[in-house]
Student: 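First the structure, then my questions, so here it is.
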Amino acid sequence: MLHLSTPRPLDAAAVLAWYDRHARMLPWRVPPRARAGGERPDPYRVWLSEVMLQQTTVAAVGKYFARFTQLWPTVAELAAAPLDAVLVEWAGLGYYARARNLHACARAVVERHGGVFPDTAEDLLTLPGIGPYTAAAIAAICHDERAAVLDGNVERVLARYHALSVPVREAKEDLRSELARSVPARAGDFAQALMDLGATICAPRSALCMLCPLEPGCAGARTGNPLAFPVKAAKAGRPVRYGHAFVMRDGDGDVYLRTRPDKGLLAKMTEVPTSEWAGALAAPNYPVAADWRHHGQVVHVFTHFRLELEVWSATVPAPALLTEGWWADPRATGREALPTLFRKVLAAAGI
DNA sequence: TATCCGTGGAT
DNA sequence: TATCCAAGGAT
């Protein structure tokens with residue numbers, strides 16, 4: 001316990017009692033009363049929700065989860081779908097490696113496990129897109145494996161509970177082993193309880209300690225300023241990159257789209273052609289000679305840089321020369337795997 | 001281990 | 001407007 005001054009197991013009974021009264025109703029969740037009756041969630045739905053929820057809010061996930069489970073009710077059906085169809089449905093949700101790994105994972109479950117998700121965190125961890133958190137969450141929620149389910153919410157709860165004096169990143173394994181000591185038999189409810197607690201009571205900008213079942217043992221509450229935890233690491237600045245986006249129309253008004261490279265940002269997603277994105281704005285190097293019209297700029301903020309694209313459009317005189325991509329009906333862009341950035345570009349060009 | 005990888009909502 | 005940040009994983 002390098003970083004925990006007063007390590008002490010959590011009061012799991014108090015956490016579970018709180019959860020029995022306050023569990024949030026979510027589409028992929030089996031509420032505690034039904035769980036007590038023996039009902040267990042479908043591992044496919046739990047896995048799908050956990051992957052969608054990685055670094056993503058419950059509110060953002062809702063429609064996507066409903067759409068995916070409607071289109072592909074089982075892991076076998078998802079595995080049978082083409083990757084392109086999965087990317088189309090994932091478009092807008094972000095972190096697109098998740099969609100590629102989701103599809104690879106579905107196929108691995110079918111090919112290596114007969115279409116049944118493994119039961120243990122250890123085996124789940126071998127699958128694409130499933131890391132320590134997701135493996136532990138699935139095993140705990142579906143099978144009550146007493147795994148340490150440590151996500152951002154739980155990290156915050158524990159950082160406050162232990163009044164952790166260093167950034168979470170430096171003490172993550174300490175928190176994980178300390179958490180593992182606290183996990184009760186109802187491991188699935190316990191995991192979901194701590195996450196709900198972090199989302200509603202022990203939230204980033206508010207700590208409703210008077211409502212918290214962990215308050216009696218909480219070192220952070222005892223300091224009088226629980227919001228001081230977790231301690232923040234120094235943040236890196238966000239550079240700005242600049243470029244040009246070229247929206248091309250053919251004689252029918254269709255828009256030229258193409259697929260992005262296999263690796264890197266927005267890999268394998270659909271795009272409008274752009275210039276390189278550089279630290280300074282260069283003069284536009286139009287892809288074809290045409291009467292180009294300027295539509296102002298689109299600003300899009302990624303995790304590690306801010307992008308400002310000048311948007312141009314033109315009707316191109318010889319569309320047959322553009323063979324790398326395809327021409328899409330502008331009224332049907334919902335069927336394209338367009339990330340939000342390029343939907344903004346099309347909107348700026350009046351599409 | 002630090003960095004890369006999206007997006008939208010809250011403040 | 002700027003900043004933070006949300007159920008992380010891969011490399």
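In this text, all values refer to a predicted model and were calculated from it rather than measured experimentally. Residue numbers start from 1 in every chain, and the chains themselves are labelled A, B, ... in the order their sequence lines are given, proteins ahead of strands. Basis for what follows: all heavy atoms, side chains included, without hydrogens, waters or symmetry-related copies.
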Student: Under 4.0 Å between any heavy atoms, over every strand shown, what does A:K344 touch: base, sugar-phosphate, or nothing? Just pick one.
Tutor: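 Nothing, no heavy atom under 4.0 Å.
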Student: Base, sugar-phosphate, or nothing: which does A:V301 touch, judged by heavy atoms less than 4.0 Å apart?
Tutor: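 Base, at least one base atom sits under 4.0 Å.
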Student: Would you kindly compare A:A267 and A:R205 by the position of their nearest DNA chain B nucleotide and give the one closer to the 5′ end?
Tutor: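 In this pair, the answer is A:A267.
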Student: For A:G198, report the nucleic acid contact type (base, sugar-phosphate, nothing); a contact means any heavy atom under 4.0 Å.
Tutor: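 Contact class for A:G198: none.
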Student: Would you state whether a donor and an acceptor, one from the side chain of A:T303 and one from the base of B:dG6, lie under 3.5 Å apart?
Tutor: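 Looking at the base of B:dG6, it does pair with a donor or acceptor on the side chain of A:T303 (distance under 3.5 Å).
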Student: Please work out if A:R156 contacts a base, only the sugar-phosphate, or nothing of the nucleic acid, heavy-atom cut-off 4.0 Å.
Tutor: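 Sugar-phosphate: the residue A:R156, judged by heavy atoms under 4.0 Å, touches backbone atoms but no base.
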Student: Counting the atoms with a prime plus P, OP1 and OP2 as sugar-phosphate, which does A:L26 contact under 4.0 Å by heavy atoms, base, sugar-phosphate, or nothing?
Tutor: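 Base, at least one base atom sits under 4.0 Å.
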Student: Around atom CZ of A:R335, are there more than 12 heavy atoms from other residues, nucleotides or ligands closer than 6.0 Å?
Tutor: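 Open.
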Student: Out of B:dT7, C:dG9, C:dC5, which nucleotide sits closest to the side chain of A:L341?
Tutor: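 Side chain of A:L341 sits closest to B:dT7.
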Student: More than 12 foreign heavy atoms under 6.0 Å from CD of A:E122: is that the case here?
Tutor: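 Open: at most 12 neighbouring heavy atoms sit under 6.0 Å from CD of A:E122.
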Student: For A:R24, which contact category applies under a 4.0 Å heavy-atom criterion: base, sugar-phosphate, or nothing?
Tutor: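 Base contact - A:R24 has a heavy atom under 4.0 Å of at least one base atom.
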Student: Using a heavy-atom cut-off of 4.0 Å across all strands, would you classify A:T56 as base, sugar-phosphate, or nothing?
Tutor: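 If one applies the 4.0 Å heavy-atom cut-off, A:T56 turns out to touch a base.
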Student: Specify whether A:H244 and A:W312 have parallel, tilted or perpendicular ring planes, treating 30° as the upper limit for parallel and 60° as the lower limit for perpendicular.
Tutor: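 Judged by the thresholds at 30° and 60°, the geometry between A:H244 and A:W312 is tilted.
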Student: NA contact type, A:T134, heavy-atom cut-off 4.0 Å: base, sugar-phosphate, or nothing?
Tutor: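 Sugar-phosphate contact only.
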Student: Using atom P in both nucleotides, what's the gap between C:dT11 and B:dG6 to the nearest angstrom?
Tutor: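 Taking atom P in both C:dT11 and B:dG6, they lie 14 Å apart.
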Student: Mind checking who C:dT11 pairs with, Watson-Crick or G-U wobble, both distances under 3.5 Å?
Tutor: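 Here C:dT11 is engaged in a pair, and the nucleotide opposite it is B:dA2.
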Student: Would A:R306 and A:E308 pass as an ion pair if we require N to O under 4.0 Å?
Tutor: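 Counted as a salt bridge, because a side-chain N and a carboxylate O are separated by less than 4.0 Å.
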Student: Assign the ring pair A:W72 / A:F68 to parallel, tilted or perpendicular, where the plane angle (0 to 90°) is split at 30° and 60°.
Tutor: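 The rings of A:W72 and A:F68 stand perpendicular, inter-plane angle above 60°.
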Student: Taking for each residue the nucleotide of DNA chain B with the nearest heavy atom, is it A:R169 or A:F302 whose nucleotide lies nearer the 5' end?
Tutor: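 Per heavy-atom nearest nucleotide, the more 5' residue is A:R169.
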Student: Can you see if the side chain of A:H304 gets near the phosphate of B:dC4 - specifically, an N or O under 4.0 Å from OP1 or OP2?
Tutor: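 So the side-chain polar atoms of A:H304 never come under 4.0 Å of the phosphate oxygens OP1 or OP2 of B:dC4.
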Student: Under 4.0 Å between any heavy atoms, over every strand shown, what does A:L93 touch: base, sugar-phosphate, or nothing? Just pick one.
Tutor: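 Counting heavy atoms under 4.0 Å across all strands, the contact made by A:L93 includes a base.
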Student: Please tell me if A:Y95 has a side-chain N or O lying less than 4.0 Å from either OP1 or OP2 of B:dC4.
Tutor: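 Checking B:dC4 against A:Y95, no side-chain N or O comes under 4.0 Å of OP1 or OP2.
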Student: For A:T57 and for A:L125, locate the closest nucleotide of DNA chain C by heavy-atom distance; then report the residue assigned to the nucleotide nearer the 5' terminus.
Tutor: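 Looking at the nearest nucleotide for each, A:T57 comes out on the 5' side.
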